[in-house]
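Just below is one structure, and these are the notes that go with it.
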Amino acid sequence: MNSAFIRFAQNHRNVETLFNYMNDGLMLTNHRHEIIAVNSAFQRMTGYTLKDIAGMNPSMLESANTPKHVYDEMWDSIRRNGSWTGELLYERKDGTLFWSFLTVTQVEQPQPEDSYCIAIMRDISERKQQEEQMKYNASHDTLTQLPNRVLFKDKLEDALQTAAENGKKVAVLFLDLDRFKKINDSYGHQVGDQLLVKMARRIQRVIGEDGVVSRFGGDEFTIFLPDMDEMVTEDVISALFAAFEKPIIVNEKELYMSMSIGACFFPEHGKDAQTLLKNADSAMYRTKEEGRNHYQRYEQGMNETTADELSLEAELLKAIRRQELEVYYQLQVDIDKRIPFGIEALVRWNHPLKNVLSPAVFLPLAEEMGVIAEIDEWVLNEACRQTKRWHREGFGELIVSVNVSKEFFKRPDFVSRVEQALLRAELDPSYLCLEITEKTAILQVDDIRAKLNQLKQKGVAVSLDDFGTGYSSLSQLRMFPIDTLKIDQSFVRGQVSPENQAIVKLIIAMANSLNVSVICEGIETEEQLSLIRNEGCYKAQGYLFSRPIPADECKGVMERLIRSFT
């Protein structure tokens, strides 16, 4: 049995050292494919010594994980070509598996019994693991470990093909977490990431083996449920909502999250993955528009609305560059004198085809697109310049109020940007009032207070807008340097109820206790004016005096009011 190896060694005396000190594993077999020699690297790699396997066929290393045809092809190549190179999954002595990069060469000798095979093997398990990890990372979300959109689409296409062959339905769900951005803004992205991981686990537990869950991107998740009709799908959706009724604990914080879901079905709403995902996404956006924390089934025409919004987004970017935006002004009036003491600057969009668009139409889009702060700053500069012009034209005590979004306010250089606007317009800071909302005021309290105090020291006034609709308490208001509370128009709109009248009275009393003034918005009738006057409010704003109008018209209205008073 060992005569071939003896003759091999005698003819190659200097090979023995190389044989035993190579990093690659070596194995020799005789003409009957019986193992006759192995080196030290082979022993370390496989756990087998020559004593363990001498005389055995190399097939004893084979793993059941490798199909038989691979070995058949290997030996066929050796017989035809004299060699074979490839990768095989082998089994060690202890039963563990390892990947081997293997080259087998058959050495023919004049005497057939002297022929032998030499196999050179290298353990490539680490490389294969890296390749598998890279492959996994390419198809899975690194944060939640869920399939990513690429793998999800591939799996969905396979499911659609199977469903088409069997005449079955497939449900596709598009989920978006409600107000997730507030979590990142309030607690930081690390908390946001942990929240996403825990939400992903909850979603996966609900779906289980019934479907495939994917993190599609950001705070969006997608699900498909093969062989499910609409009634069963509604049960699954109900289970999803039920799973989020309990808080999610992150860093000892109890976070309550809700989600908006859009649903569509194969084949009614689309025959391919792309169409179905688009339609489910459209249904999800309709859910958000109608109040969130619910779901919508896709209906024809939803995409048209989404397409209109996308078109408007593109047009808005052009409008900013083409200077299609314009500042309108609405008077703020001293009730007793019926003369203007201030104006509020409000942006409008002079759309080339749709005429003048209200901010309610495009400002939410601007916020989503991340350009709201740019618009705010432009309005601030325009309003300061216009107010200075009016001062020169005889309206010397006029104060301009400018709304500030939280995105503009959060800019680190916000204070210096306000100062630059005043400097460019040559407007005294005491004639500028910045309006912030309650919802802005409760975020990042220390940062907001510091910025407001810096501006207050310069003489800039601060107004709290839409008061009564947010979350402010008396203790919170004392934390901010507020000069004016603006009572939201919802409390005086139409026929004023006793409840709203009581709220107005309470807000005015609160303002007096804080030594701040009060402006009531939305005044449209003399009855409403009398009501707030009787409760102690002496400043008003609303259609009774003027709508938001361009600067030239505003000047004319102010002149008429002043003439009528004198």
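- Listed by chain and number, the residues in a salt bridge (Lys or Arg N to Asp or Glu O under 4.0 Å) with R80 are D76 (sequence neighbours excluded).
- In this structure, E377 pairs ionically with R411, as a charged nitrogen and a carboxylate oxygen lie closer than 4.0 Å.
- Scanning all heavy atoms of the two residues, the minimum distance from A159 to V170 falls at O-CG2, 4.2 Å.
- At distances below 3.5 Å, not a single donor-acceptor pair connects side-chain atoms of D413 with backbone N or O atoms of S416.
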For a side chain to side chain donor-acceptor pair (under 3.5 Å) check, start with the C-alpha distance between S282 and N279, then their side-chain angles and the critical distance, and finish with the verdict. CA-CA 5 Å; S282 297; N279 291 341; 5.1 Å; no

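- Residues L452 and I436 have side chains in contact (heavy-atom distance under 4.5 Å, counting atoms from C-beta outward).
- Every residue two or more places apart in sequence or in another chain that forms a salt bridge (Lys or Arg N to Asp or Glu O under 4.0 Å) with K451 is listed here: D447.
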Step by step, work out the side chain to side chain contact (heavy atoms under 4.5 Å, CB included) result for E374 and I320. CA-CA 9 Å; E374 180 182 346; I320 295 172; 3.3 Å; yes

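- Remark: S59 engages N57, E62 in a side chain to side chain contact (heavy atoms under 4.5 Å, CB included) (not counting sequence neighbours).
- With ring centers used as reference points, F414 lies under 6.0 Å from F408.
- In this structure K68 satisfies the salt bridge (Lys or Arg N to Asp or Glu O under 4.0 Å) test together with D72, sequence neighbours excluded.
- A donor-acceptor contact shorter than 3.5 Å links the side chain of D52 to the backbone of T49.
- Ring planes of F216 and F174: perpendicular class, angle over 60° (limits at 30 and 60°).
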Which is it for E87 and K128 under the salt bridge (Lys or Arg N to Asp or Glu O under 4.0 Å) test, yes or no, and what are the steps along the way? CA-CA 10 Å; E87 297 176 356; K128 295 291 285 188; 3.0 Å; yes

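- No donor-acceptor pair closer than 3.5 Å links the side chain of N166 to the backbone N or O of K168.
- In this structure a side-chain-to-backbone donor-acceptor pair under 3.5 Å is missing from D158 to Q161.
- Across every non-hydrogen atom of L156 and A273, the tightest pair is CD2-CB, 3.6 Å.
- The salt bridge (charged side-chain N to carboxylate O under 4.0 Å, His left out) pairs that include a residue from residues 198-220 are D141-R215, where partners are two or more places apart or lie in different chains.
- A distance of 10.0 Å separates CD1 of I36 from CZ of R32, quoted to the nearest 0.5 Å.
- Side chain of N30 to backbone of C117: no donor-acceptor contact under 3.5 angstrom is found.
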Evaluate F152 against F224 for ring pair (Phe, Tyr, Trp, His ring centres under 6.0 Å), listing each step before the verdict. CA-CA 9 Å; F152 181 83; F224 75 78; 5.4 Å; yes

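- For the side chain to side chain contact (heavy atoms under 4.5 Å, CB included) with S83, the lone residue among T103, T105, I78 that qualifies is T105.
- E245 and Y256 make their closest contact through O-CE2, 3.6 Å (heavy atoms, listed as atom of the first residue, atom of the second, distance).
- If you check the side chains of H351 and E315, you find a donor sitting under 3.5 Å from an acceptor.
- Shown here is Y187, whose OH atom has no more than 12 heavy atoms of other residues, nucleotides or ligands within 6.0 Å.
- Shown here are the side chain to side chain donor-acceptor pair (under 3.5 Å) partners of K253, two or more places apart in sequence or in another chain: there are none.
- For the pair T233 (side chain) and D229 (backbone), a donor-acceptor distance under 3.5 Å is present.
- One finds the CG atom of D176 at 10.0 Å from the OG1 atom of T287 (value rounded to the nearest 0.5 Å).
- For R92, the side chain to side chain donor-acceptor pair (under 3.5 Å) partners two or more places apart in sequence, or in a different chain, are T96, D123.
- Under 3.5 Å, the side chains of S260 and D178 contain a donor-acceptor pair of N or O atoms.
- Across all their heavy atoms, G192 and I183 have their closest contact at CA-CG2, 4.2 Å.
- In this structure, CG in L146 is found 8.0 Å from CD1 in I203, a value given to the nearest 0.5 Å.
- Within a 6.0 Å sphere centred on NZ of K288, other residues, nucleotides and ligands contribute more than 12 heavy atoms.
- Note that CE of M228 and CG of D235 are 9.0 Å apart. Values are rounded to the nearest 0.5 Å.
- Evaluation of the side chain to side chain donor-acceptor pair (under 3.5 Å) rule for R179 yields no partner, not counting sequence neighbours.
- By the ring pair (Phe, Tyr, Trp, His ring centres under 6.0 Å) test, H33 is found to be paired with W75, residues two or more places apart in sequence or in another chain being considered.
- Shortest non-hydrogen contact noted between I261 and L175 is CG1-CG, 3.8 Å.
- By the side chain to side chain contact (heavy atoms under 4.5 Å, CB included) test, Y136 pairs with Q133, H140, Q145, sequence neighbours left out.
- Scored by the salt bridge (Lys or Arg N to Asp or Glu O under 4.0 Å) test, E157 finds no partners at all (sequence neighbours excluded).
- With respect to the salt-bridge test (charged N to carboxylate O, under 4.0 angstrom), the residues R127 and E132 do not qualify.
- Side-chain atoms of S214 never come within 3.5 Å of backbone atoms of T222 as a donor-acceptor pair (strictly under, hydrogens ignored).
- In plain terms, the two heavy atoms of A239 and V206 that are nearest each other are CB-CG1, 3.8 Å.
- Looking only at side-chain heavy atoms (C-beta outward), Y48 and I35 stay at 4.5 Å or farther from each other.
- Listed by chain and residue number, nothing satisfies the ring pair (Phe, Tyr, Trp, His ring centres under 6.0 Å) test with F42 (two or more places apart in sequence, or in another chain).
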Stepwise, does the side chain to side chain contact (heavy atoms under 4.5 Å, CB included) test hold for M74 with L88? CA-CA 10 Å; M74 176 186 74; L88 290 178; 4.0 Å; yes

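- Here the side chains of Q194 and V250 are in contact, with some heavy-atom distance below 4.5 Å.
- Y295 and E234 share a side-chain donor-acceptor pair at under 3.5 Å.
- Atoms CD1 and CD, from I375 and E367 in turn, are 10.5 Å apart once rounded to the nearest 0.5 Å.
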Apply side chain to side chain contact (heavy atoms under 4.5 Å, CB included) to the pair S139 and V150, showing each step before the final yes or no. CA-CA 6 Å; S139 60; V150 176; over 6 Å; no

Can you list the steps and then say if L97 with N65 is a side chain to side chain contact (heavy atoms under 4.5 Å, CB included)? CA-CA 9 Å; L97 302 178; N65 297 62; 3.8 Å; yes

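- A distance of 9.0 Å separates CE in M45 from CG in L26, rounded to the nearest 0.5 Å.
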